[in-house]
Novice: 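Pasting a structure here, questions to come.
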There are 2 protein chains.
Amino acid sequence: MAPKWRDLADRLAEQIRNGEYEPGAQLPQIRELVEAGEGSKATVHQAYKALEAEGLVTSTRGHGTVVRPRTPLKRLGIARYDKAKWRDGDEVAFIADRVASGRAYKRNEQTQTVSREIASSLVAEGLGVPVGSDIYARARLVKEGTQPTHTLTSYYRPEHVEGTRIVDPTPGPAGRGGGYRVLYDAGYEIDHMKEALFARVPTAEEVQLLQLPAGEPVVELHRTTYTADGTVVEFAVGIHSASRFAWEYEFRVPDSANDTGAEDSA
Amino acid sequence: MAPKWRDLADRLAEQIRNGEYEPGAQLPQIRELVEAGEGSKATVHQAYKALEAEGLVTSTRGHGTVVRPRTPLKRLGIARYDKAKWRDGDEVAFIADRVASGRAYKRNEQTQTVSREIASSLVAEGLGVPVGSDIYARARLVKEGTQPTHTLTSYYRPEHVEGTRIVDPTPGPAGRGGGYRVLYDAGYEIDHMKEALFARVPTAEEVQLLQLPAGEPVVELHRTTYTADGTVVEFAVGIHSASRFAWEYEFRVPDSANDTGAEDSA
DNA sequence: TAGTGGTCTAGACCACTTC
DNA sequence: AAGTGGTCTAGACCACTAA
């Protein structure tokens, strides 16, 4: 038999999914359910914690427990890196992306700090430099209104960006055109990229920085950007609030029959 | 001030990360910590639940609380779809992928059930058919040894697969060469694909089916496979245990300057 | 059967939000 | 000040695992 708190949580979850409690609606207070015979305070509380972990509600002291609104997924396709957006236009990629996603045009809040750092093993591998090398780090915290949605930290080799606007720690997207435009002006036109992503539970630090609701996972993105000759000009790490983003990739089915040792059975 | 259970959880987490408790090692029993003055049973229990939710330990009744081993991430690149693997060879793609990932060669356990179903809105949209259409569903549960790692359910339009081995509900990867080989033999050679992915907390059903440890997120993958003329021949949905997989995509930076109305400022 | 974590209670008290 | 969720205790009892 399922525990008492599970039963209660399941009943409430069902009511939420049914729409009996709409987004923003308030659930019964814990003490009410205690008096209604749903169990002791600890038991009801445990049920509420479960609903929170499942992403259905958020509880706040003094305020109550309310049904969480479901934010629409922002779909991230590779079109957001279109050269036309940062090379020719006067809008940086992330703005153009926002327009393309069909949302109301609104400049993202974005904090930015640039610092000179020592390459960790992750960054060193991504950037193709020895561990402990001096590198530049440009860290952004991107918000939708007042709510943080993700962080994105770009790492550069000093010889690629020294003296450019990227190194100038002025708030904003590295001046007109963003980081790729700056690299372009410096003679490094980006040509191809690699993105790797995986999901995990956030660290306590990430929960605070991104103001994550209880139970919200994060998606960690590792992006490597190359010039045509294969030089890595940027390695970036992003931490995304999972419920806000989906990633989309289109590609041709590979066929290595001609360039590998595979036997041809035909 | 942080709650008592948070302090305890943080201390234990630090010891785990330090290696003072190695993977597989057993944490002190709850009753021990209660006697050591760390708080009441409920308090210590709450700390242990937090560690579990953070993916650091797993608790089992009768056995104790042990440090979770960190499974290496399996990296999924688009090379796993290489035509050579399913068209020419006698190994199906998922086996070849396993070999390429550097792991010991071992046939995956895989259950498979084929059924005729009514298209949900998700499947209908993915397959390009009206909601409620008859379609074929081929559901697999893939395990690594005895531990499930992900589900993958492929949906097909009846006219593409009727009479092929795909519809034959024999366990195993749809016969020699897998589903893409069957489609190829039927005159539908796959050409390009689209993958969309996002992370979320699992449903109770998924927790049970995939035997997910507490706090483990899942990654949901939507894969659409096309022939050269743009016909969708397969739409697949996968649910992956998050800590076991990373996805990698390489692509060229798009440049729509020539085929859009973008002004040329040069 | 012994030993482990999990559930549950009844009640006290704390921390935060809102008025 | 009133009202909300969060923490904590002490102890009883349950459910599962392993020898």
Novice: Are A:Asp10 and A:Arg6 close enough for a salt bridge, meaning some N to O gap below 4.0 Å?
Specialist: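 Yes, charged N to carboxylate O under 4.0 Å.
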Novice: Please pick, from C:dA10, D:dT9, D:dA18, the nucleotide with the shortest atom-to-atom distance to any side-chain atom of B:His63.
Specialist: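 Of the options given, the side chain of B:His63 lies nearest D:dA18.
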Novice: From the set C:dT9, D:dG5, C:dG6, return the single nucleotide nearest to any side-chain atom of B:Arg31.
Specialist: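 For the B:Arg31 side chain, the nearest candidate turns out to be C:dG6.
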Novice: When the nearest nucleotide of DNA chain C is assigned to A:Gly62 and to A:Thr43 on a heavy-atom basis, which residue is associated with the more 5' position?
Specialist: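 Final value for this comparison: A:Thr43.
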Novice: Rounded to whole Å, please give me the gap between CD in B:Gln29 and P in C:dA2.
Specialist: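 After rounding, the reported distance stands at 16 Å.
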Novice: CZ of B:Arg6 versus P of D:dC8: gap in Å, rounded?
Specialist: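 Going from B:Arg6 (CZ) to D:dC8 (P), I get 11 Å.
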Novice: Can A:Arg223 and A:Glu234 be counted as an ion pair, charged N to O under 4.0 angstrom?
Specialist: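 Result for this pair is yes, salt bridge flagged.
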Novice: Would you give me the side-chain donor-acceptor pairs under 3.5 Å for residues 55-67 of chain A, sequence neighbours excluded?
Specialist:
residue: A:Ser59; atom: OG; partner: A:Thr65; partner atom: OG1; Å: 2.9

Novice: Mind checking whether B:Thr224 and B:Glu125 have side chains closer than 4.5 Å, heavy atoms only?
Specialist: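 Not in contact.
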Novice: Would you mind reading off the distance between B:Lys49 atom NZ and C:dG6 atom C1', rounded to a whole angstrom?
Specialist: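 Rounding to the nearest Å, NZ of B:Lys49 and C1' of C:dG6 are 8 Å apart.
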Novice: Please state how far atom CD in B:Gln46 lies from atom P in C:dC14, giving the value in whole angstrom units.
Specialist: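 Atom-to-atom, B:Gln46 to C:dC14, this comes out as 17 Å.
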Novice: To the nearest angstrom, how far is B:Trp5 atom CH2 from D:dT9 atom C1'?
Specialist: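 So the CH2-C1' distance, B:Trp5 to D:dT9, works out to 17 Å.
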Novice: In whole Å, what is the span from the CG atom of A:Leu8 to the P atom of C:dT7?
Specialist: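 Going from CG in A:Leu8 over to P in C:dT7 covers 14 Å.
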Novice: On DNA chain C, does the nearest nucleotide to B:His45 precede the nearest nucleotide to B:Met1 from the 5' side, or the other way round? Give the residue.
Specialist: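 Nearest-nucleotide comparison on DNA chain C picks B:His45.
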Novice: Taking 4.0 angstrom as the limit, do A:Glu54 and A:Arg17 come out as a salt bridge?
Specialist: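 Here A:Glu54 does not pair with A:Arg17 in a salt bridge, since their nearest N and O are not under 4.0 Å apart.
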Novice: Consider the side chain of A:Lys4, meaning its heavy atoms from C-beta on, and name the nucleotide among D:dT7, D:dT9, C:dC8 that approaches it most closely.
Specialist: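 Nearest nucleotide to the side chain: C:dC8.
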Novice: Between D:dG5, C:dC8, C:dG6, which one does the side chain of B:Arg61 approach most closely?
Specialist: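 Minimum distance to the B:Arg61 side chain belongs to C:dG6.
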Novice: B:Ile30 CD1 to D:dA12 P: how many Å, rounded?
Specialist: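 After rounding, the gap between these two atoms is 18 Å.
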Novice: Which atom names give the shortest non-hydrogen contact between A:Leu73 and A:Ala242, and what distance separates them?
Specialist: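 Scanning both residues, the minimum pair turns out to be CD2-O, 4.4 Å.
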Novice: Judged by modelled atom types alone, do B:Thr203 and B:Glu205 share a side-chain donor-acceptor pair under 3.5 Å?
Specialist: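 Side chains of B:Thr203 and B:Glu205: no pair found under 3.5 Å.
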Novice: Atom NZ of A:Lys41 to atom P of C:dA15: distance rounded to whole Å?
Specialist: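 Rounding to the nearest Å, NZ of A:Lys41 and P of C:dA15 are 13 Å apart.
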Novice: Please list residues of residues 53-60 of chain B whose heavy atoms come under 4.0 Å from any atom in DNA chain D, ordered by number; otherwise none.
Specialist: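 Within this stretch, nothing sits under 4.0 Å of the strand.
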